[in-house]
Visitor: 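Shown below is the structure under consideration.
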Protein chains: 2
Amino acid sequence: MATRTDAPTRREQILKEAARLFADRGFHGVGVDEIGAAVGISGPGLYRHFPGKDAMLAELLVGISGRLLTGAKRRLAEADGETSSQILDSLIEGHIDFALDDRPLITLHDRELDRLRDSDRKLVRQLQRQYVELWVQVVREVYPGLAEPTARSAVHSVFGLLNSTPHLGRAGTLPGRGTTAALLHRMARGAFAAAEAESRA
Amino acid sequence: MATRTDAPTRREQILKEAARLFADRGFHGVGVDEIGAAVGISGPGLYRHFPGKDAMLAELLVGISGRLLTGAKRRLAEADGETSSQILDSLIEGHIDFALDDRPLITLHDRELDRLRDSDRKLVRQLQRQYVELWVQVVREVYPGLAEPTARSAVHSVFGLLNSTPHLGRAGTLPGRGTTAALLHRMARGAFAAAEAESRA
DNA sequence: CGTGACTGTTAATGAGCGTTAACCATTTCC
DNA sequence: GGAAATGGTTAACGCTCATTAACAGTCACG
């Protein structure tokens, strides 16, 4: 489990650049030649590493959903003795890290899902669903006033809030990563708390 | 200003169906034949109403941003005597109405902007910017603790929250429009309030 | 040495698709 | 009543683009 210091493999370079390009101009908006050029090889050379353009998108999207889910599961597992509230904070923190560090992937995540083969799309959706349900459980422990459907809607909405980072001005204009992360975190908690205020209206 | 009861014109049918299709499968993912079929005419017949496929997208996106902005301006103008807090509630309500009633447009709004001609994209961005600034002003009146950059980030994030409706399960599974709107409204206010808590940390 | 396995290259193929051309029915209106 | 205007049609063009073919350099290793 050592953190890898190796040079990135060609496959990884391709995936990274493809993610950036897909996020910028959409799956159909990017040609294979362009992806190839981004890693210094040309067009069809990509086919030595992937069976096709679709496969790159599939691997990206499955990878995203998978990493989000396993990350959340890990946080949950490592949390013996912590309060539900602390666990929720940990989930939020993990999601924010992801949103801030992998903006292109976040963008792809809910933009290009429909371009996948049926089987891949099903897989991604299943991973997403598990991730959501995991959040819903924790959220309902922290905010018991939330009925399950309400909690699910609230979770989706908070994802929308956290995933808004791509719209927050390109890199330079942001008030600094830590500040932004803290702001998003507070807002997420505030949104959940306000959601719970329902039953008492 | 009578609410129109007329049958929708062909142009409007086309725009509506195009919006739905673009939102579902992306601008590049939809063919003109398909758009034509959706309104009962076939492929090239569209060119009697629009100079090209791009023009449909442009009109849709400019229309969205324009309606959001003018709606917000109207609410502001009609609000003499109201408190800033009431005005903010009105802005939120307007945005939620839009998000719930025109889901496809919301989706397009931040998904296909890059496919526009430079001039159109500039126009749309300008309208968006005005809309954001208008919110920022009102938000800062209600939550004076918010510095301007923070307020702007918060506004973007709340847009992310409100625009999450497309992800809230297709139509049937929603707990009812009024309930959903109320939930989103509460969460938005809660998020802003929590954002303000910053300077006092 | 030499024979695969790898990783590239360029050229060709073939499908999809936006757009234009050429043509036609219907309505409007002097 | 006839000429525009209007809103369709189908067929053809041309371009983009993913994918495949055919070929070649490099390195590991028996």
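All values below come from the heavy atoms of this structure, side chains included, with hydrogens, waters and symmetry mates left out. Everything quoted here is computed from the prediction, not taken from an experiment. A note on names: the letters A, B, ... follow the listed sequences, proteins ahead of strands, and every chain is numbered from 1.
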Visitor: So where does chain B start and stop touching DNA chain C, 5' to 3', when the test is distance under 4.0 Å to a non-hydrogen atom?
Guide: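 Nucleotide range with atoms under 4.0 Å of chain B: dG18(C) to dC23(C).
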Visitor: Applying salt bridge (Lys or Arg N to Asp or Glu O under 4.0 Å), which residue pairs with at least one partner in residues 44-61 of chain A are found, sequence neighbours left out?
Guide: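 Sorted result for residues 44-61 of chain A: Arg11(A)-Glu59(A).
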Visitor: Let me check something: any side-chain donor-acceptor pairs from residues 115-125 of chain B under 3.5 Å, sequence neighbours excluded? List them with distances.
Guide:
{"unit_1": "Arg115(B)", "atom_1": "NE", "unit_2": "Glu112(B)", "atom_2": "OE1", "d": "3.1"}
{"unit_1": "Arg115(B)", "atom_1": "NH2", "unit_2": "Arg25(A)", "atom_2": "O", "d": "3.3"}
{"unit_1": "Arg117(B)", "atom_1": "NH1", "unit_2": "Asp120(B)", "atom_2": "OD2", "d": "3.3"}
{"unit_1": "Arg117(B)", "atom_1": "NH2", "unit_2": "Ser119(B)", "atom_2": "OG", "d": "2.8"}
{"unit_1": "Asp118(B)", "atom_1": "OD1", "unit_2": "Arg121(B)", "atom_2": "NH2", "d": "2.6"}
{"unit_1": "Arg121(B)", "atom_1": "NH1", "unit_2": "Leu116(B)", "atom_2": "O", "d": "2.9"}

Visitor: Which residue pairs pass the ring-ring contact (aromatic ring centres under 6.0 Å, His included) test when at least one of the two sits in residues 14-39 of chain B, sequence neighbours left out?
Guide: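 Of all non-adjacent pairs touching residues 14-39 of chain B, those that pass ring-ring contact (aromatic ring centres under 6.0 Å, His included) are Phe22(B)-Phe27(B).
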Visitor: Regarding Val39(B), tell me which of base, sugar-phosphate or nothing describes its non-hydrogen contacts under 4.0 Å with the strands shown.
Guide: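 Nothing: the residue Val39(B), judged by heavy atoms under 4.0 Å, touches no strand.
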Visitor: If you take the centroid of each ring, where Trp contributes its six-membered ring, are Phe159(B) and His167(A) closer together than 6.0 Å?
Guide: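 Ring centres of Phe159(B) and His167(A) not closer than 6.0 Å.
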Visitor: Pick the nucleotide of DNA chain D nearest each of Val32(A) and Gly45(B); which residue has the one closer to the 5' end?
Guide: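 Mapping each residue to its closest nucleotide by heavy atoms, the 5'-most match is Gly45(B).
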Visitor: If you walk 5' to 3' along DNA chain D, what is the first nucleotide with an atom under 4.0 Å of a heavy atom in chain B, and what is the last?
Guide: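 Going 5' to 3' along DNA chain D, contacts run dG7(D) to dA11(D).
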Visitor: Let's see if you get this right: which residues in residues 48-61 of chain A place a heavy atom under 4.0 Å from DNA chain C?
Guide: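 Correct list: Arg48(A), His49(A).
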Visitor: Return each pair, listed once, that meets ring-ring contact (aromatic ring centres under 6.0 Å, His included) where at least one residue sits in residues 41-89 of chain A; pairs must be two or more places apart or across chains.
Guide: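 Matches after skipping sequence neighbours: none remain.
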Visitor: Taking side-chain hydrogen bond (donor to acceptor under 3.5 Å, both in side chains) as the test, write out the residues that go with His156(B), two or more places apart.
Guide: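 Testing His156(B) for side-chain hydrogen bond (donor to acceptor under 3.5 Å, both in side chains), a comparison that skips the adjacent residues, returns none.
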Visitor: Restricting to side-chain hydrogen bond (donor to acceptor under 3.5 Å, both in side chains), what partner residues turn up for Thr107(A), sequence neighbours left out?
Guide: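 Partners of Thr107(A) under the side-chain hydrogen bond (donor to acceptor under 3.5 Å, both in side chains) test: none.
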Visitor: Sequence neighbours left out, what passes side chain to side chain contact (heavy atoms under 4.5 Å, CB included) with Gln137(A)? Give chain and number order.
Guide: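 In terms of side chain to side chain contact (heavy atoms under 4.5 Å, CB included), with neighbours along the sequence ignored, Gln137(A) is linked to no residue.
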Visitor: Mind jotting down which residue pairs meet the salt bridge (Lys or Arg N to Asp or Glu O under 4.0 Å) criterion with at least one end in residues 173-182 of chain A? Sequence neighbours excluded, please.
Guide: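 Checked against salt bridge (Lys or Arg N to Asp or Glu O under 4.0 Å) - neighbours excluded - the pairs reaching residues 173-182 of chain A are Asp97(A)-Arg177(A), Asp101(A)-Arg177(A).
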Visitor: Only distances under 3.5 Å count here; give the side-chain donor-acceptor pairs of residues 141-149 of chain A to other protein atoms, sequence neighbours excluded, each with its distance to 0.1 Å.
Guide:
{"unit_1": "Glu141(A)", "atom_1": "OE1", "unit_2": "Ser84(A)", "atom_2": "OG", "d": "2.5"}
{"unit_1": "Tyr143(A)", "atom_1": "OH", "unit_2": "Arg189(A)", "atom_2": "NE", "d": "3.0"}
{"unit_1": "Tyr143(A)", "atom_1": "OH", "unit_2": "Arg189(A)", "atom_2": "NH2", "d": "3.3"}
{"unit_1": "Glu148(A)", "atom_1": "OE2", "unit_2": "Arg152(A)", "atom_2": "NH2", "d": "2.7"}

